[in-house]
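Below you'll find the structure, written out as structure tokens, and then a few comments.
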Amino acid sequence: MYLDMDDAPASNFLQTIISEDLAAGRVSEVVTRFPPEPNGYLHVGHAKSISVNFGLAEANGGRCNLRFDDTNPEKESQEFIESIQEDIRWLGYRWDGEPRYASSYFQQLYDWAEHLVRNGDAYVCDLDADQAREYRGTLTEAGRNSPYRERSVEENLDLLARMKAGEFDEGAKVLRAKIDMASPNMNLRDPILYRIRKVRHHQTGNDWVIYPTYDFAHGQEDAIEGITHSICTLEFEDHRPLYDWLLEHLPVSCRPRQYEFGRLNPSYTVTSKRKLKQLVDQGVVAGWDDPRMPTIAGMRRRGYTPAAIRRFCDMIGTTRSDGVVDVAMLEFAIREDLNENAPRGMCVLNPLKVVLTDYPEDKVEELSAPRHPSRVDLGERVLPFTRELFIDADDFREEANKKYKRLVLGKRVRLRNAWVIEADEVVRDDSGQIVEVRAHTVPGTLGENPADGVKPRGVIQWVSASHGRRAEVRLYDRLFNDEAPDKGDKDFLDHLNPESLRVVEQAWIEPALAQARPEDSYQFEREGYFVADRYDHSTDTPVFNRTIGLRDSWSD
RNA sequence: UGGGGUGUCGCCAAGCGGCAAGGCACCGGGUUUUGAUCCCGGCAUUCGCAGGUUCGAAUCCUGCCACCCCAGCCA
């Protein structure tokens, strides 16, 4: 079903580092990790990170852990923990062992916090958030030492224990590393290690009222798990000195190294969790898994395949430069996969009745057609042909120039996988609207060109009016009509594409398509790739989502 | 005016002192019962800019410019 996944082994700066580490014996096995915070759904940007972390481990015979970085219970939930696991599995990756949780290391982390305090490397600070900001200085001015910076080890130990015991209110005290308030790197100006949060944690319940910050947790989690290469995105680069400082000042048994790569920014989309949440909350889309969302769940429902997403990640590469990737590349990846693997079928979105006047009323020809033009292994399907058919209204014109390769009055067209027909006359309703085309078949044209040498102008899809089935078809398009909807001071909501969804309630599909199971992909010939909706589709009420249209180079 | 990064074709991206890979997009042409696919061809005398080193530089040095990130008790 999927494309060949191990084409060219990805070569990038991370692989180069790993190869050198392996060759020099600095590491004996590659261990990476994918460390999402369970505070939202995974999106295409995470897919790249997953591909990088799992891919590197896989390519080097190593392991990759899944670790929930659940250090901030306020924003996290079990729902996200589950959706994240489902998405990673769906993408086709398997983490090593059981999922890990930062929260399962809380005691160890606390012990290490005491260790820092004992060595005079951390202190309890009573400054509130506003004061702390003031003391921190600015980008161009050094900060000032907190008045609580020189507390004794004994006092700090006592205060820390009391913080843990719940004796202080939220925000009343924090534990900070004692580094350098004048550092040009803001992250080294006595960063906060622990804060008081009297909220229930989804994994540890009410065991803790103090929670470690990302900085105090991440490197140590990596050390505990024996991570060799801790790969994250560029914005964490400034945190690396702190990451290293903590590991140097703690009795950890191994030294993971942090490396950063540029995050993925696809054009015509937004990927910030805040903005995606806004789209959901404001009802712009139907939910986190709306087919227009760049979430993994959304792309899945849209009909994107794991193979296409992985292929896309390989195509864009992994570097330290941050740019915008043309979504056309993602679209190429899914077309490439589906062109190769999706069975073909016929669907008429905008029906116009055609009556074949020479064709007997009750005759039904059970034609057979290949499911795929080149994949003979996919077999054939039965195509009932009858006197009354539907074609797409866009595929008929009373008159047209020679560039129009469809049905024209008095001219011929090939009905895909069936007869060549010739249009004779149109039937109109009271308002003058064409409601029917009367035509006749050209004899001997089943699988053959017309004997008289007059070739059809083109090929169009059709569905038997008596044997076809009704279906709802959801035509999705880009959610935004601006290449960079959230760049600069733009409001991304001002650039929504009003035509990102058009629902065709009464499309006609050939009978074989009604047999689709949810999440089966097809190419509706001449239209595009469509997937049977994961939730709403059934044989009784077929519902298809347009994944992506066919490449179209035609212009009038 | 602090620190950390990045700058190679419209986009992504190889390249690491020897004379600019590849993919996407785009433009031609061919095949075709999908205006699809497939096939063939085109597409950077030039690597942010300016100097310098060298027989030779996208690759080394110097200076400059542009853009991104950092002042959450978020990650």
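In this text the structure is predicted, and so the values were computed from the model without any measurement.
Between A:Thr71 and B:rA75 there is a side-chain polar atom (N or O) within less than 4.0 angstrom of OP1 or OP2. For A:Arg136 and B:rC73, the shortest distance from a side-chain N or O to OP1 or OP2 is below 4.0 Å. For A:Ser553 and B:rA36, the shortest distance from a side-chain N or O to OP1 or OP2 is below 4.0 Å. OP1 or OP2 of B:rC74 sits under 4.0 Å from a side-chain N or O of A:Arg195. The side chain of A:Arg551 contributes an N or O atom lying less than 4.0 Å from OP1 or OP2 of B:rU37. An OP1 or OP2 oxygen of B:rA13 is reached within less than 4.0 angstrom by a side-chain nitrogen or oxygen of A:Thr319.
In the interface, the side chain of A:Arg335 is not paired with the base of B:rU37 through any donor and acceptor atom under 3.5 Å apart. Judged by distance alone with a 3.5 Å cut-off, no donor-acceptor contact links the side chain of A:Arg240 to the base of B:rG4.
Within the 3.5 Å criterion, the main-chain N or O of A:Phe168 finds a donor-acceptor partner in the side chain of A:Lys198.
Taking 4.0 Å as the cut-off between side-chain N and carboxylate O, A:Glu74 and A:Arg197 count as a salt-bridged pair. One finds a salt bridge joining A:Arg67 and A:Asp222 here, because a Lys/Arg side-chain nitrogen approaches an Asp/Glu carboxylate oxygen to under 4.0 Å. Between A:Glu260 and A:Arg320, at least one side-chain nitrogen of the basic residue sits less than 4.0 Å from a carboxylate oxygen of the acidic one, meeting the salt-bridge criterion. Salt bridge annotation for A:Arg263-A:Asp322: absent, with no cationic side-chain nitrogen under 4.0 angstrom from a carboxylate oxygen. The pair A:Arg344-A:Glu525 does not count as a salt bridge, with every side-chain nitrogen at least 4.0 angstrom from each carboxylate oxygen.
Of all nucleotides present, only B:rC70 satisfies the Watson-Crick or G-U wobble test against B:rG2, with each distance under 3.5 Å. Base pairing of B:rC64: its partner is B:rG48, meeting the Watson-Crick or G-U wobble criterion (both donor-acceptor distances under 3.5 Å).
Nucleic acid contact class of A:Arg320 (heavy atoms, under 4.0 Å, all strands): sugar-phosphate only. Within the nucleic acid shown, A:Leu175 has no heavy atom closer than 4.0 Å to any nucleic acid atom. A:Val324 comes within contact range of the sugar-phosphate backbone alone, with a heavy-atom separation under 4.0 Å but no base atom that close. Using a 4.0 Å heavy-atom cutoff across all strands shown, A:Met329 reaches at least one base atom of the nucleic acid. In this structure, A:Gly171 reaches the bases: a heavy-atom distance under 4.0 Å links it to at least one base atom across the strands shown. As judged by a 4.0 angstrom heavy-atom cut-off over every strand, A:Asp215 is placed among residues making no nucleic acid contact. Contacts of A:His218 with the nucleic acid, taken as non-hydrogen atoms under 4.0 Å apart, are absent. If you check every strand for non-hydrogen atoms under 4.0 Å, A:Pro456 touches nothing. Residue-level contact check: A:Asp238 touches the bases, meaning some heavy atom is under 4.0 Å from a base atom. Residue A:Lys403 is classed as a base contact, given a heavy-atom separation below 4.0 Å to a base. Among the protein residues, A:Tyr211 comes within range of no part of the nucleic acid, since none of its heavy atoms lies under 4.0 Å from any strand. Backbone-only engagement by A:Phe332 is indicated by non-hydrogen atom pairs under 4.0 Å involving sugar-phosphate atoms exclusively. Using a 4.0 Å heavy-atom distance criterion, A:Ala129 is classed as a base contact. Counting any heavy atom pair closer than 4.0 Å across all strands shown, A:Asn417 reaches a base atom.
Rounded to an integer number of Å, the gap from CD of A:Glu340 to P of B:rU34 is 17 Å. Rounded to an integer number of Å, the gap from A:Glu235 CD to B:rU6 P is 15 Å. Rounded to whole Å, atom P of B:rG23 lies 19 Å from atom CG of A:Asn12. For the pair A:Glu331 CD and B:rC11 C1', the computed distance is 13 Å after rounding to whole Å. One interatomic measurement links the two molecules: CG of A:Leu14 to P of B:rA13, which rounds to 13 Å at whole-angstrom precision. The distance between atom CG of A:Asp130 and atom C1' of B:rG72, rounded to the nearest whole Å, is 12 Å. Atom CD in A:Glu525 sits roughly 9 Å away from atom P in B:rG35 (whole-Å rounding). Distance CG (A:Asn265) to C1' (B:rC69): 12 Å, rounded to an integer number of Å.
Nucleotides B:rG22 and B:rC65 have their P atoms positioned 36 Å apart, rounded to a whole Å. Of the C1' atoms belonging to B:rC26 and B:rG52, the separation is 39 Å, rounded to the nearest Å. When the C1' atom is compared between B:rA25 and B:rC70, the two are found 35 Å apart, to the nearest whole Å. For B:rU32 and B:rG42, the P atoms lie 24 Å apart once the distance is rounded to whole Å. Nucleotides B:rC60 and B:rC16 have their C1' atoms positioned 11 Å apart, rounded to a whole Å. Atom name P, nucleotides B:rC11 and B:rC49: the rounded distance is 14 Å, in whole Å. For the P atoms, the distance from B:rA20 to B:rC9 is 16 Å, rounded to whole Å. Here the separation of B:rC39 from B:rG23, taken at their P atoms, is 11 Å to the nearest Å.
The side chain of A:Leu234 lies closest to B:rG5 when the candidates are B:rA36, B:rG5, B:rC70. In the set B:rC12, B:rG10, B:rA36, the nucleotide with an atom closest to the side chain of A:Val325 is B:rC12. Of all nucleotides listed (B:rA25, B:rG2, B:rU34), B:rU34 comes nearest to the side chain of A:Gln523. Which of B:rA75, B:rU34, B:rU6 sits closest to the side chain of A:Ser321 comes down to B:rU6.
For the pair A:Arg151 and A:Tyr123, the cation-pi test (distance below 6.0 Å, angle within 45°) is failed. Geometric assessment of A:Arg195 against the ring of A:Trp208 yields a negative cation-pi assignment under the 6.0 Å and 45° thresholds.
The residue among A:Arg133 and A:Glu448 whose nearest nucleotide of RNA chain B lies closer to the 5′ end is A:Glu448. Each of A:Glu170 and A:Arg526 was assigned the nucleotide of RNA chain B with the nearest heavy atom; the assignment lying further toward the 5' end belongs to A:Arg526.
The aromatic rings of A:Phe480 and A:Phe492 are tilted relative to each other, their planes meeting at an angle between 30° and 60°.
Between A:Phe236 and A:Tyr243, the distance separating the two ring centers is not shorter than 6.0 angstrom.
The glycosidic torsion of B:rG10 lies more than 90° away from 0, placing the base in the anti range.
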